Participant: 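If you scroll down you'll find the structure; I have some questions about it.
FYI, the numbering just counts along the sequence from 1. Everything quoted here is computed from the prediction, not taken from an experiment.
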Amino acid sequence: MAEGDDLPRDAKIVKSLLKSMGVEDYEPHVLHQFLELWYRYVVDVLTDAQVYSEHAGKAAIDCDDVKLAIQSKVNFSFSQPPPREVLLELARSRNKIPLPRSITGPASIPLPPEQDTLISPNYQLAIPRRQSAQAAEETEEDDEAVDPAPSQEQKTDAPQQTPQRVSFPLVKRTK
């Protein structure tokens with residue numbers, strides 16, 4: 001009895017497809033993987049064909065439903081690259097923009113601008129501004145003598161505190 005006689009019909013078809021493509025040496029589980037892929041694809045296509053048939057109000061799936069299901073599967077599974085002309089025009093428009101100038105010395109490696117590097121500071125600290133001694137005394141006095149209905153003029157005289165942003169570069173430590 002030959003080796004392939006005990007294989008199911010679908011496995012024999014996969015084996016003959018592999019042989020026709022010049023694949024002679026493969027592991028046995030490759031047949032099972034191709035069969036699983038094949039069955040999953042057929043079930044997906046037939047499920048889509050059934051949905052199309054029901055949408056059209058048909059009692060059974062016909063050839064047109066299967067063709068439409070295969071066509072939609074191919075359209076959504078495989079995409080074509082854009083035409084060469086589109087790619088060339090995109091390359092021309094992108095290449096019109098010059099590269100950023102590099103910071104170079106006479107005999108050094110060209111580096112990109114600091115804002116384009118990964119070693120530039122990526123954080124900011126908010127440090128509140130200190131009040132002057134006179135302003136601090138005024139606020140203490142205001143706290144002691146609280147006016148139940150302060151006027152608008154008094155509110156606008158108080159200095160507004162805006163945080164000051166400071167950044168520090170990272171420093172490498174040598175061990």
Participant: Going hydrophobic residue to hydrophobic residue with side-chain gaps under 4.5 angstrom, can you get from Val30 over to Val23?
Facilitator: yes
Participant: Are Leu37 and Ile70 connected into the same hydrophobic cluster when the rule is that any two of I, L, V, M, F, W, Y join if their side-chain heavy atoms are below 4.5 Å apart?
Facilitator: no
Participant: Do other residues, nucleotides or ligands put more than 12 heavy atoms under 6.0 Å from His55 NE2?
Facilitator: no
Participant: With a 4.5 Å cut-off on side-chain heavy-atom distances among I, L, V, M, F, W and Y, is there a chain of contacts connecting Val51 to Val74?
Facilitator: no
Participant: With rounding to the nearest 0.5 angstrom, report the CD1 to CG distance, Ile61 to Asp48.
Facilitator: 10.0 Å
Participant: According to a 4.5 Å side-chain heavy-atom criterion applied to Ile, Leu, Val, Met, Phe, Trp and Tyr, with indirect links allowed, do Ile13 and Leu35 form part of one hydrophobic cluster?
Facilitator: yes
Participant: Using side-chain heavy atoms (C-beta onward) and a distance below 4.5 Å, is Val45 in contact with Val42?
Facilitator: no
Participant: Closest heavy-atom contact between Ala49 and Ala69?
Facilitator: N-CB, 3.7 Å
Participant: How long is the span from the OH atom in Tyr26 to the CG atom in Leu18, to the nearest 0.5 Å?
Facilitator: 5.5 Å
Participant: For the atom pair NZ (Lys12) and OG (Ser16), what is the distance rounded to the nearest 0.5 Å?
Facilitator: 10.5 Å
Participant: How far does CG of Asn75 sit from CG of Leu68, to the nearest 0.5 angstrom?
Facilitator: 9.5 Å
Participant: Could you walk me through whether Phe34 and Asp10 satisfy the side chain to side chain contact (heavy atoms under 4.5 Å, CB included) test, starting with their C-alpha distance in whole Å, then the side-chain angles of each, then the deciding distance to 0.1 Å, before giving a yes or no?
Facilitator: CA-CA 10 Å; Phe34 272 118; Asp10 294 340; over 6 Å; no
Participant: Is it true that a side-chain atom of Ser20 and a backbone atom of Leu17 form a donor plus acceptor pair closer than 3.5 Å?
Facilitator: yes
Participant: Quick one: CD on Glu89 to CG on Leu87, what's the gap to the nearest 0.5 Å?
Facilitator: 11.0 Å
Participant: CG of Asp44 to OG of Ser72: how many Å apart, nearest 0.5 Å?
Facilitator: 10.0 Å
Participant: Would Thr47 and Val43 count as a side chain to side chain contact (heavy atoms under 4.5 Å, CB included) here? Give the steps.
Facilitator: CA-CA 6 Å; Thr47 304; Val43 167; 4.0 Å; yes
Participant: Answer yes or no: are there more than 12 heavy-atom neighbours, outside Lys58 itself, under 6.0 Å from its atom NZ?
Facilitator: yes
